[in-house]
Amino acid sequence: MARYLGSKTKLSKRVGRNLYLKGARSFSAKDDFSKRPYRAGVHGKTSQTSRISEYGKQLLEKQAIRFTYGLMEKQLANLFKKAFKKAGNTGKIVLSNLERRLDNVIYRAGLANSRGQARQLVSHGHFLVNGVTVNIPSYTVKPGDVVQVKENKLKKAFWKNFQLQVPNEMVPWISVDATKKVIKILNEPLDEDLPKEFGLQAVVEYYSRKVR
């Protein structure tokens, strides 16, 4: 499947907010978004989000979720398509599924400095889930699962030298043994555990016209 390989800073500028896609660099004053939080070009600095249509705002919120979790359009559309068939708050159902992606869990647990780095580690076979190698970043964990770094991988230079360089607030639905690099999934994220930075209702309205 195709994957975006361009500038991560440009993705933040597209949606008008820092999505912290570059690991420690995103939290540094040297980050380009910190210095120029607007699109390139003569009109980049003067463009105003207040002029954006309602549809445009929905599109920006949708893109913010896509870029944050590293999804292709089809992946996110499929998540909403399935969520519309379930009872409950569609946006929260989707966001709970995204939070339980294996790459996101590793990032939330402080075993990677960005979701991109976590995605690469999973793809390269660094992790076991319940004792079985899983190399699919989108794998959805469930309560009771145990995620850990393979013993032979712990001997590699990456893990011997790994240091968390980004702010990390532990989410209450997982527990982590940082020394042994073991993550336990305690329960599914509750509503209050979900990220608050996305305009979920706008994204639900966007996809209600696209996939229902």
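For Asp145 (side chain) and Lys142 (main-chain N/O), a donor-acceptor pair under 3.5 Å exists by modelled atom type. Proximity of a side-chain donor or acceptor of Asn130 to a complementary backbone N or O of Val146 within less than 3.5 Å is detected. For Lys180 (side chain) and Ala178 (main-chain N/O), no donor-acceptor pair under 3.5 Å exists by modelled atom type. At distances below 3.5 Å, at least one donor-acceptor pair connects side-chain atoms of Lys150 with backbone N or O atoms of Gly125. Side-chain N or O atoms of Ser12 include one that pairs as donor or acceptor with a backbone N or O of Leu19 at under 3.5 Å. With hydrogens and angles ignored, the 3.5 Å screen pairs a side-chain donor or acceptor of Ser123 with a backbone N or O of Arg119. The backbone N or O of Ala118 sits nowhere less than 3.5 Å from a side-chain atom of Asp103 that would complete a donor-acceptor pair.
Counting heavy atoms from C-beta outward, Phe67 and Arg14 have side chains that approach closer than 4.5 Å. The shortest distance between side-chain heavy atoms of Phe127 and Leu121 falls below 4.5 Å. Ser114 places none of its side-chain heavy atoms less than 4.5 Å from the side chain of Lys22. The side-chain heavy atoms of Tyr69 and Leu95, taken from C-beta on, include a pair separated by under 4.5 Å. Looking at heavy atoms from C-beta onward, Leu98 lies out of side-chain contact with Asn104 at the 4.5 angstrom threshold.
Taking CG from Asn78 and OH from Tyr207, the interatomic distance works out to 9.5 Å, rounded to the nearest 0.5 Å. The NZ atom of Lys82 sits 13.0 Å away from atom CD1 of Ile93, with the distance rounded to the nearest 0.5 Å. In this structure, the separation between CD on Gln58 and OG on Ser208 is 7.5 Å, given to the nearest 0.5 Å. Rounding to the nearest 0.5 Å gives a distance of 10.5 Å between CD of Glu188 and CG of Leu194.
Between Val166 and Gly23, the shortest heavy-atom distance links the atoms CG1-C, 3.5 Å. The two residues Pro189 and Trp173 come nearest to each other via the heavy atoms CG-CE2, 3.5 Å. For the residue pair Asn168 and Tyr107, the shortest heavy atom distance occurs at OD1-O, 3.8 Å. A pairwise comparison of heavy atoms in Arg100 and Thr140 identifies NH1-CG2, 3.2 Å as the closest pair. Among all heavy-atom pairs drawn from Gln117 and Asn113, the shortest one is OE1-N, 2.7 Å. Minimum heavy-atom separation, Gly110 to Leu164: O-CD1, 3.7 Å.
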- Task: Kindly indicate, with the supporting measurements, whether the criterion side chain to side chain contact (heavy atoms under 4.5 Å, CB included) is fulfilled by Glu73 and Lys62.
- Result: CA-CA 9 Å; Glu73 174 60 34; Lys62 184 265 291 186; 2.7 Å; yes
- Could you walk me through whether Leu11 and Thr68 pass side chain to side chain contact (heavy atoms under 4.5 Å, CB included), step by step? CA-CA 9 Å; Leu11 297 183; Thr68 296; over 6 Å; no
- When you look at Arg209 and Tyr55, which way does the side chain to side chain contact (heavy atoms under 4.5 Å, CB included) test go after all the steps? CA-CA 11 Å; Arg209 297 191 300 272; Tyr55 177 79; 3.0 Å; yes
- Using the side chain to side chain contact (heavy atoms under 4.5 Å, CB included) rule, take Val141 and Leu102 through it: C-alpha gap first, then chi angles, then the decisive distance, then the call. CA-CA 6 Å; Val141 300; Leu102 181 56; 4.2 Å; yes
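More than 12 heavy atoms of other residues, nucleotides or ligands lie within 6.0 Å of CD in Glu197, so this atom counts as buried by the packing criterion. At most 12 heavy atoms of other shown residues, nucleotides or ligands fall within 6.0 angstrom of atom CD in Glu151. Shown here is Lys184, whose NZ atom has no more than 12 heavy atoms of other residues, nucleotides or ligands within 6.0 Å.
Each of Leu200, Val15, Val203 was compared with Glu61 under the side-chain contact (heavy atoms from CB on, under 4.5 Å) criterion, and only Val203 meets it.
Linking ILVMFWY residues whenever their side-chain heavy atoms come closer than 4.5 Å, directly or via other members, leaves Val171 and Leu190 in distinct clusters.
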